[in-house]
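Whatever order the structure lists ligands and atoms in, that order sets their numbers, starting from 1. Counting begins at 1 with the first residue of the sequence. Being a predicted model, the structure only gives us computed values, none of them experimental.
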Amino acid sequence: MSQNRWAQQTLWGWGRYPRVESLVARPERRKEVLDALADRQGDPVLAFGLGRCYGDAALLREGRVVLTRRLDRMLAFDPETGWLRCEAGVSLEEILHTFVPRGFFPPVVPGTQFVTVGGAIACDIHGKNHHVDGSFADHIRRVELLVADGRVVTCGPDEEPELFWATVGGMGLTGLILSCELQLARIDNPYIEMESIRVENLEQFFEVSAESGHFTHTVSWLDCVTTGKATGRGIFMRGRHAPAGTTGGLSLLSRLGRAAPALINFPVDGPDWMLNQATIKAFNEVYFRKHPKGQVNSIVHYEPFFFPLDAVRNWNRMYGNRGFLQYQFVVPPDPSHKAIRLVLEEITRSGLGSFLAVIKEFGERQHGGISFPAPGPMIALDFGIAGQPLFDLLDRLDRIVLDAGGRIYLGKDSRVPRHVFEQMFPELPKWKAVRDAWDPGHVFQSELGRRLGLSGGQR
Ligand SMILES: Cc1cc2nc3c(=O)[nH]c(=O)nc-3n(C[C@H](O)[C@H](O)[C@H](O)COP(=O)(O)OP(=O)(O)OC[C@H]3O[C@@H](n4cnc5c(N)ncnc54)[C@H](O)[C@@H]3O)c2cc1C
């Protein structure tokens with residue numbers, strides 16, 4: 001029985017670095033999850049959703065990993081209030097397909113729709129609307145959590161709040177989320193009123209960002225290889241759900257529907273030379289120049305606005321077999337933008353370009369513990385794995401972020417040193433105390449947790 005339940009499998013996150021061998025189970029029913037936990041034979045356990053975190057947060061060597069994707073039932077929905085109760089393996093894509101035609105939208109979405117609600121809570125994901133709506137957890141009133149002693153505990157802002165806030169952004173280390181209640185937002189149609197503005201440098205980015213507070217969604221693509229007066233140039237995008245009566249075409253992904261994975265696919269690993277400083281510079285130049293000077297207004301379907309990268313399945317293979325990582329950080333607001341400038345200068349000096357970079361100013365809401373979002377400008381930078389020079393660069397970026405009082409996003413991380421992480425999250429001791437109260441033996445572990453001294457077995 002237990003041999004059938006657990007099977008050996010290699011797992012990786014979206015960055016395809018690192019890759020780890022584990023025993024995995026694929027329960028379909030809640031009882032099978034409880035049985036799997038009971039049958040772990042003393043090994044540590046971790047939940048794995050759709051594997052869209054980039055690094056090692058969903059990985060566990062010498063342990064048991066519960067794949068949650070088959071826990072995909074929608075359990076109840078109230079069309080008066082928008083409250084949805086669903087299992088943790090339901091994806092945002094499934095919620096969108098089911099509820100957009102009924103006039104509802106997830107309250108917060110990340111840059112891909114291929115994430116589970118369990119993963120969204122465990123990473124306390126943020127979207128382009130953080131400055132208005134906060135993060136995913138701000139729209140959750142109840143979570144059913146399978147905790148270390150085998151009980152299913154209900155928690156939320158008003159019920160076992162300490163456990164709830166430690167679970168939010170807690171990277172799966174407080175227990176396994178079985179289901180949640182999430183409030184969907186009302187929309188009139190699938191369209192977004194969008195404005196895109198070419199910003200010529202960092203100052204202009206911050207000016208446009210400051211005057212865009214009345215847009216619910218803002219983000220800017222950032223050219224992080226061009227220097228001098230044009231440092232920080234990019235394309236600022238702001239938008240809001242379109243009012244009733246707005247019409248437009250269906251997005252490509254919608255037309256292809258669920259056949260899309262087979263039709264638009266990055267078929268093989270990109271060759272190592274594909275993304276080098278010259279090709280990255282060329283891409284940035286073309287992407288920037290392709291946008292006319294000034295502002296363009298348009299009505300777009302929600303998919304290209306929120307999930308442009310989803311149009312190419314497996315785009316992560318573009319970085320080749322060596323994989324890639326994302327360095328994502330937020331620093332407190334600072335009128336001189338010193339830390340942001342220093343980071344961009346360091347990257348230029350290193351000669352290691354980032355192919356994809358985005359910048360956004362977060363709003364005030366934050367949740368403590370090890371949840372990422374905090375007030376201030378946030379930047380996310382993708383880097384192909386390039387050996388020691390890359391890790392040296394990221395150590396230097398850590399220093400800048402730490403000196404500015406900032407932090408990095410664990411959902412994207414695979415390398416931050418433990419002592420740096422501990423300084424970035426001042427509420428860590430409190431988070432550990434709550435976690436230890438619910439899981440004194442550290443049943444729930446991950447590679448990330450071991451690396452950062454969050455769970456037993458650290459090496
Ligand atoms: C293209 C792309 C764009 C992205 N954009 C954003 C963005 O804009 N904002 C943002 O915040 N993030 C973003 N992300 C990251 C992504 O949203 C998060 O990593 C999210 O958590 C992934 O969900 P998942 O279901 O794939 O979880 P996984 O990657 O499988 O797991 C992530 C973490 O959640 C835990 N977990 C998963 N399910 C459960 C469960 N049922 N119970 C307990 N713990 C669980 C895992 O143990 C792990 O620690 C992006 C990722 C990609 C690939």
Side-chain angles (χ1 to χ4, degrees), residues 11-16 22 24 27 30 33 37 44-60 63 65-72 86-94 106 108-130 134-137 143-147 166-180 217 219 306-316 318 324-326 328 330 356 358 360 362 370-373 378 380 382 409-414 444-449 452 454-455:
L11 295 173
W12 54 85
W14 189 244
R16 303 170 79 214
S22 307
V24 307
R30 159 189 300 235
V33 184
L37 193 76
V45 184
L46 185 70
F48 184 103
L50 270 158
R52 266 14 185 229
C53 65
Y54 278 56
D56 54 0
L59 306 180
L60 179 61
V65 176
V66 177
L67 309 184
T68 62
R69 233 347 235 139
R70 290 165 81 187
L71 302 168
D72 60 356
C86 65
E87 290 184 331
V90 168
S91 72
L92 293 187
E93 182 205 19
E94 287 156 350
V108 169
V109 293
T112 174
Q113 58 196 309
F114 305 121
V115 302
T116 63
V117 295
I121 296 168
C123 283
D124 194 13
I125 61 164
H126 58 271
K128 296 177 175 58
N129 56 344
H130 185 271
S135 60
F136 202 75
V143 162
E144 278 188 304
L145 189 70
L146 174 59
V147 294
T167 299
V168 161
M171 310 307 295
L173 298 175
T174 59
L176 193 147
I177 298 163
L178 292 169
S179 73
C180 73
H217 295 82
V219 74
F306 287 111
F307 315 120
L309 293 168
D310 285 353
V312 183
R313 300 289 165 119
N314 300 320
W315 62 262
N316 54 344
M318 174 174 83
F324 73 114
L325 55 75
Q326 190 171 91
Q328 184 165 4
V330 57
L356 280 176
V358 296
K360 166 174 176 65
F362 278 159
I370 51 175
S371 161
F372 170 64
M378 171 284 285
D382 281 358
Y409 185 14
L410 296 181
K412 304 285 175 71
D413 182 55
S414 49
F444 290 94
Q445 298 192 15
S446 67
E447 287 305 298
L448 174 131
L452 299 180
L454 297 175
S455 39

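For ligand 1 and Ala88, the ligand atoms under 4.0 Å from any heavy atom of the residue are 41 (N).
Among protein heavy atoms, the minimum distance from atom 24 (P) of ligand 1 is reached at Leu50 N, 3.4 Å. Remark: minimum distance from atom 7 (C) of ligand 1 to any protein heavy atom is reached at Pro110 CB, 3.3 Å. If you check which protein heavy atom lies closest to atom 34 (O) of ligand 1, you get Ala122 CB, 3.2 Å.
Under the side-chain contact (heavy atoms from CB on, under 4.5 Å) rule, Ile125 has a single partner from Ser135, Cys53, Pro373, Pro110, which is Pro110.
With atom 33 (C) of ligand 1 as the reference point, the heavy atom nearest to it among Gly172, Cys123, Cys180 is part of Cys123. Looking at Gly51, Gly169, Gly175, it is Gly51 that brings a heavy atom closest to atom 28 (P) of ligand 1.
Taking the ring centroids of Tyr54 and Tyr409, they lie at or beyond the 6.0 Å cut-off. The aromatic ring centroids of Trp315 and Phe114 lie 6.0 Å or more from each other.
Residue-ligand proximity: Tyr409 is placed with a non-hydrogen atom under 4.0 Å from ligand 1.
Here the CD-CZ distance, from Glu94 to Arg69, works out to 4.0 Å after rounding to the nearest 0.5 Å. Note that NZ of Lys412 and CG of Asp382 are 8.0 Å apart. Values are rounded to the nearest 0.5 Å.
Remark: side-chain polar atoms of Ser22 are paired, donor with acceptor, to backbone N or O of Leu60 under 3.5 angstrom.
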